[in-house]
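Okay, so here's the structure we're looking at.
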Amino acid sequence: MNAEELLQRYAAGERDFPGVRLRGVFLDNAKLMEINLSGADLSGSDLGGAELNRANLSSAKFCGAALCEVNFTGANLSRADLRGANLKGSGIIDADLTEAILDGAVLGGQETGIIEGANFDRASFRGVSFIMVALIRSSFRGAIFDGASFDSDSGFNDSDLTGASFQVSNFRLPEYIPPGGGRLILPDGQSLGG
């Protein structure tokens with residue numbers, strides 16, 4: 001299947017596309033609300049990463065999907081179900097993932113993986129693996145990180161964690177941020193850094 005066929009079938013009312021192979025697909029600005037791409041492969045191809053920039057994917061299902069090296073700049077993934085998705089090397093920049101479910105997903109993992117300026121308010125990160133990922137200028141207000149795993153190269157910078165839960169997580173919130181090291185709002189509302 002290619003992008004054109006997917007868009008035509010979606011426009012005709014079809015919403016279920018589990019397991020489709022759309023490697024390196026170009027779907028910038030696509031409106032695919034409530035689409036089911038569970039188990040699909042949208043990973044980057046030899047020609048480059050898949051493009052879902054500014055796409056409206058609100059309430060979409062990506063359970064167990066391969067989303068490696070996908071660009072989600074400006075995308076709307078609010079209330080999306082990304083449980084068990086592989087997002088290694090993906091760019092999540094200025095995207096809306098409010099109330100998204102990422103339980104068991106993998107984030108980061110490659111130098112190309114970027115999470116910056118995103119809204120993850122009230123998102124669920126239960127059991128997520130954070131690998132070599134900097135979470136920059138993003139909002140995680142009320143997010144749940146229970147059971148999440150952070151490697152030593154992952155962390156938050158210039159982010160808001162007000163009301164976030166970190167139960168049974170190996171992540172230790174910093175007690176001090178040196179000058180020039182950014183700003184972090186802790187779950188209790190306390191602010192660290194400049």
Side-chain angles (χ1 to χ4, degrees), residues 3 6-7 10 22-38 40-44 48-126 128-145 148 150 154-164 182-185:
L6 175 75
L7 292 170
Y10 183 90
L22 292 162
R23 293 182 63 93
V25 71
F26 183 84
L27 289 168
D28 282 359
N29 301 304
K31 291 178 175 48
L32 299 168
M33 296 77 70
E34 298 181 0
I35 192 168
N36 180 6
L37 290 165
S38 295
D41 185 356
L42 281 79
S43 297
E51 302 292 333
L52 289 161
N53 300 309
R54 297 169 306 285
N56 187 342
L57 301 160
S58 60
S59 300
K61 290 187 173 87
F62 290 100
C63 299
L67 302 170
C68 301
E69 298 178 22
V70 175
N71 294 315
F72 290 105
T73 299
N76 179 355
L77 288 153
S78 58
R79 296 174 306 284
D81 189 343
L82 294 141
R83 284 178 287 175
N86 186 344
L87 290 145
K88 285 184 180 178
S90 290
I92 301 173
I93 302 169
D94 299 325
D96 182 2
L97 284 97
T98 305
E99 297 180 1
I101 302 169
L102 294 108
D103 299 350
V106 177
L107 293 168
Q110 298 176 11
E111 292 179 14
T112 54
I114 299 170
I115 296 177
E116 183 172 355
N119 183 345
F120 290 97
D121 290 351
R122 299 175 306 284
S124 179
F125 294 93
R126 289 179 174 93
V128 167
S129 294
F130 291 92
I131 305 167
M132 292 174 36
V133 62
L135 305 149
I136 304 167
R137 288 189 312 99
S138 295
S139 180
F140 300 90
R141 296 174 67 89
I144 301 169
F145 292 91
F150 293 81
S154 297
F156 299 92
N157 189 350
D158 285 333
S159 293
D160 186 348
L161 298 169
T162 303
R183 180 171 172 257
L184 184 65
I185 301 174

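These numbers come from the heavy atoms of this one structure, side chains and all, not from hydrogens, waters or symmetry mates.
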From Glu99 atom CD to Arg122 atom CZ, the distance as rounded to the nearest 0.5 Å: 4.5 Å

When rounded to the nearest 0.5 angstrom, what distance separates CZ in Arg54 from CG in Asp28? 5.0 Å

If every non-hydrogen atom of Ala50 is compared with every non-hydrogen atom of Ser43, which pair is closest and at what distance? CB-O, 4.3 Å

Before accepting this row, confirm whether a basic side-chain N of the pair Asp103/Arg83 lies closer than 4.0 Å to the acidic partner's carboxylate O. no

For Ala30 and Leu7 the tightest heavy-atom approach is CB-CD2, 4.1 Å

Taking atom types as modelled and ignoring hydrogens, do the side chains of Thr98 and Asp121 form a donor-acceptor contact shorter than 3.5 angstrom? no

On a heavy-atom basis, which atom in Phe130 and which in Ala148 lie closest, and how many Å separate them? CE1-CB, 4.0 Å

Assess whether side-chain contact (heavy atoms from CB on, under 4.5 Å) is satisfied between Arg137 and Asp94, documenting all intermediate values. CA-CA 9 Å; Arg137 288 189 312 99; Asp94 299 325; 4.1 Å; yes

Checking side-chain contact (heavy atoms from CB on, under 4.5 Å) against Ile92, which of Asn71, Leu67, Ile115, Thr73 comes through? Ile115

Answer with yes or no whether the side chains of Ser139 and Arg141 bring together a donor and an acceptor at under 3.5 Å. no

Partners of Asn36 by side-chain hydrogen bond (donor to acceptor under 3.5 Å, both in side chains), sequence neighbours excluded? Asp16, Ser38

Compare all side-chain heavy atoms of Leu27 with those of Leu6 and state whether any distance is below 4.5 angstrom. yes

Any side-chain heavy-atom pair from Leu107 and Phe125 closer than 4.5 angstrom? yes

To the nearest 0.5 Å, tell me how far Glu34 CD sits from Lys61 NZ. 7.5 Å

Could you list the residues that satisfy side-chain hydrogen bond (donor to acceptor under 3.5 Å, both in side chains) with Ser138, not counting sequence neighbours? none

Are Leu52 and Leu42 close enough, and set up right, to give a side-chain contact (heavy atoms from CB on, under 4.5 Å), and what steps lead you there? CA-CA 10 Å; Leu52 289 161; Leu42 281 79; 3.9 Å; yes

Can Asp41 and Arg23 be counted as an ion pair, charged N to O under 4.0 angstrom? yes

Could you check if a side-chain atom of Phe72 sits within less than 4.5 angstrom of a side-chain atom of Leu57, using non-hydrogen atoms only? yes

side-chain contact (heavy atoms from CB on, under 4.5 Å) for Ser58 and Met33? Distances and angles first, verdict last. CA-CA 5 Å; Ser58 60; Met33 296 77 70; 3.3 Å; yes

Close side-chain approach of Phe156 and Phe150, heavy atoms under 4.5 Å: yes

Taking it one step at a time, do Leu87 and Val70 satisfy side-chain contact (heavy atoms from CB on, under 4.5 Å)? CA-CA 8 Å; Leu87 290 145; Val70 175; 5.9 Å; no

Does any N or O in the side chain of Ser159 come within less than 3.5 Å of the main-chain N or O of Leu184, such that one atom is a donor and the other an acceptor? no

